[in-house]
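Both ligands and their constituent atoms are indexed starting at 1 by order of listing.
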Amino acid sequence: MAVRKLVEGVYEVGVQHWDRREFDELIPLPEGTTYNAYVVMGSDKTALIDTVDPSKSHILFSNLRELGVKNIDYIISNHAEQDHSGTIPKLLELFPSAKVVTNAKAKGMLMDLLHIPEDKFQIIKEGDEVDLGGKTLTFYMTPWVHWPETMVTFLKEDGIVFSCDFFGAHLASSELFAEKDDRVYDAAKRYYAEIMMPFRVSIKKNVQKVKELEPRMIAPSHGPVYDDPSFIISAYEDWISDEVKREVVVAYISMHGSTEKMVEKLYDELVKRKIKTVLFNLSVADIGEFAMALVDAAAMVVASPTVLGGLHPKVAYALSLANALRPKLKLVGIMGSYGWGGMMPKQVRDLLSGLRVEYTQDLLVKGLPKEEDYRRIEELADEIVSRL
Ligand code: FEO
């Protein structure tokens, strides 16, 4: 791996983890990820902002050697999760005089998660500064992006916000700076959908806070650095807005084709009515793409056969995820084919109990859909369009 320079005295020394394919044993990583860590060299002191996942700590150490770093005075911890903090204990062995600079809440978490001794910490609050000599780090609390202790570090002289997970993207790339293209946009949106979306209200305040700093760069700890912060800030402003788009997400599974026929009919009817509609067959869908579609959609239709007495377990998994992600959805429809029991809609409602949504009329069909069932699906499409 390589050291990459942002500006004079500021270097990215972290890791591109190209072949990591899952995060938190949950989130697919089709494009790998990165753990960015930043060295800031002042005339008197040196700081390291965030570290790397402990499985890749040897790369961080190699980069520090390549950069000629002899000592680290401050290890800034913007976020206690181990993909950024996990190498702090080894760094403290290498640089025993270093102080871990963070807020009081993060200190408690780092002590719990990594057993870092209390005397290693220097606690800062909102607006506090650490002067490195010509480079001044100021700290701003940005709680709930996506843990309660999260904060950002602002390098005043160069106008760089080090935002850790905030504005991040799971995207391994040899390019330091973000290209303003769909690949970067989609990776950042996927990251927002999977990790940040449940905290949309806190994120609104924190986006505003970062904007007021008028940064010249935003340097997250996952994915590329934004040398034009307006690209990522305006994307976030769109995702966190209260507006929904006239889009329908259909999440479904079919075992013997009956539910699939219903989904195909609904899809045709919605498209005829010029409604953007995205189908997710949950047997094969990338759950990250499902989450991304939920960022903007006004409505979701859940289609499941009845199996083992109720909702298909793979649909139940996707719904429990959707419930946890708290999308802006306004409307949910439920449909599916059953053989002899019709408890499925109640289970859907229970699993989505955290969402403030309205429901359309349930549409259950016994066995293979008949002509009259297809007419009911046309009516469901009409109902969805009229309520969007
Ligand atoms: Fe990238 Fe919340 O850790």
Give a yes or no on whether K204 atom NZ has more than 12 heavy-atom contacts from other residues, nucleotides or ligands under 6.0 Å away.
-> yes

Crowding at CD, Q208 (>12 non-hydrogen neighbours, <6.0 Å) | yes

Thinking salt bridges, do R246 and D296 make one under a 4.0 Å N-O criterion?
-> no

R387 with E358: basic N within carboxylate O range, under 4.0 Å = yes

With R4 as the cation and Y11 as the aromatic partner, state whether NZ or CZ is under 6.0 Å from the six-membered ring centre and within 45° of the axis.
-> no

Is Y74 reachable from L6 through a run of hydrophobic residues whose side-chain heavy atoms are each under 4.5 Å from the next?
-> yes

Distance criterion under 2.8 Å: protein N/O/S atoms around atom 2 (Fe) of ligand 1 = 4

